[in-house]
Amino acid sequence: MPELPEVETVARQLDPQLRGRRLSSIEILDAKLAGPDWDSLRGFSIQRTFRGGKQVVLEFSRGKLSRFLSVHLRMTGRLIWVPELKGRLADPQACDHYQYKVPISDKSLRARFRLSGGELRFYDQRRFGVLALHSDPAGFASAGVEPLGPDFSPASLAGMLAGARGEIKPWLLRQDRIAGIGNIYASEILFACAVHPRRSAGSLSPAEQKDLHRHTVRILKLAIKHCGTTFSDFQDSTGSTGSFQQYLKVYGREGQACPVCARPLERIVQQQRSSFYCPDCQH
DNA sequence: CTTTCAGCCTGGGCGC
DNA sequence: TGCGCCCAGGCTGAAA
């Protein structure tokens, strides 16, 4: 699914659910996910759950030892906490979790982490997701700057853009520069900046660079506030389902009226990914 | 350095 | 009902 706001939503939701729980065993159901020494995690307890780039990270500890389990959800990965009550696991369909499109199916269950009080399940229909185990935080850190962190400033953005070659839209998707922006938010951010997706990244004026910084932060924060974007009409009772799709201005709206000038929005393909924009507002 | 393309996977939706 | 085709929020690696 997920870009930064969706992953942040998942991490925030899981953190209180998982905190302090001790891991007893792991069952890997998809051979693609074998590899890490999963059994070495037995007996470790979860300290916290957080987001790094587009990854969910679980920090485990046992005594002075630390382990970091990073989960890249890619397109369809989901992490769901399934509590145990009176010896029975809850129905995952009814569990508090981030929803999108596809209902949870047992067919896409790829891994189970058995913890005190229940289990954490990894579902992944398309099997693009990646689980990794690290013994230090440097292992999972993405190379790019966190757009909501202290290192992302108008000046640092200007520095990254200086001399940049390619088009701005694909540039925004590069995780080694800014970590966490994906296809949806890249289009939304450029629309807010009135910058055309085909503009050369290095050609942005100082004012446009400032706008790019400002709107990137603003839109990501706003999306987090609405628990991200889901293409699902299902809204769960906890309100933890993303609702930012209501606020998308251009993504997926090819042919519809631009919210600013009312002329039709367009879709183009850049590096095999759709970009949505207003040909009249964005230059 | 850049861009392009195939590939990794599954399944929904569409036109016929 | 079925088939073929296109689509999908991510990312890597090879090739040009």
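Heavy atoms only: backbone and side chains are in, while hydrogens, waters and symmetry mates are out. No experiment lies behind these values; they were computed from the predicted model shown. Letters A, B, ... mirror the listed sequences (proteins, then strands); counts begin at 1.
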Pi stacking test for Phe128(A) and dC11(C): under 5.5 Å apart, planes under 30°: no
Both Gln272(A) and Gly163(A) contact DNA chain B. Which one's nearest nucleotide lies toward the 5' end? Gly163(A)
Is it true that Tyr185(A) and Thr229(A) share a donor-acceptor pair across their side chains at a distance under 3.5 Å? yes
Which part of the nucleic acid does Ser274(A) contact within heavy-atom distance under 4.0 Å: base, sugar-phosphate only, or nothing? sugar-phosphate
For Tyr277(A), which of Glu266(A), Lys169(A), Arg253(A) qualifies under side-chain hydrogen bond (donor to acceptor under 3.5 Å, both in side chains)? Glu266(A)
Take Phe276(A) and Leu173(A), find for each the nucleotide of DNA chain C with the closest heavy atom, and name the residue whose nucleotide sits nearer the 5' end. Phe276(A)
Just checking Glu167(A): base, sugar-phosphate only, or nothing, at a heavy-atom cut-off of under 4.0 Å? sugar-phosphate
For Lys32(A), look at atom NZ and say whether over 12 heavy atoms of other residues, nucleotides or ligands are found less than 6.0 Å away. yes
Distance-only donor-acceptor test (3.5 Å): side chain Arg126(A), base dC9(B): yes
Could you work out which one of dA8(C), dG9(C), dC11(C) sits closest to the side chain of Arg267(A)? dA8(C)
Winner on side-chain proximity to Gln271(A), out of dC9(B), dT10(B), dT3(B), is dT3(B)
Which nucleotide sits closest to the side chain of Gln125(A): dT10(B), dG9(C), dC11(C)? dT10(B)
Report the stems of DNA chain B as range-with-range entries sorted by first number; a stem here is at least three consecutive pairs, Watson-Crick or G-U wobble, both distances under 3.5 Å, and write none if there are none. B:2-8 with C:10-16, B:10-16 with C:2-8
Ser243(A) side chain near Gln246(A) side chain, heavy-atom distance below 4.5 Å: yes
Do His134(A) and Ser70(A) get their side chains close enough for a donor-acceptor pair, meaning under 3.5 Å? yes
Atom P, compared across dC5(C) and dA6(B): separation rounded to whole Å: 15 Å
Return yes if a side-chain donor-acceptor contact under 3.5 Å exists between Arg218(A) and His215(A), otherwise no. yes
The side chain of Arg165(A) is closest to which nucleotide in this list: dG9(C), dC1(B), dT10(B)? dC1(B)
Any residue meeting side-chain hydrogen bond (donor to acceptor under 3.5 Å, both in side chains) with Arg62(A), in chain and number order, not counting sequence neighbours: none
dG11(B), OP1 or OP2 - any side-chain N/O from Lys107(A) closer than 4.0 Å? yes
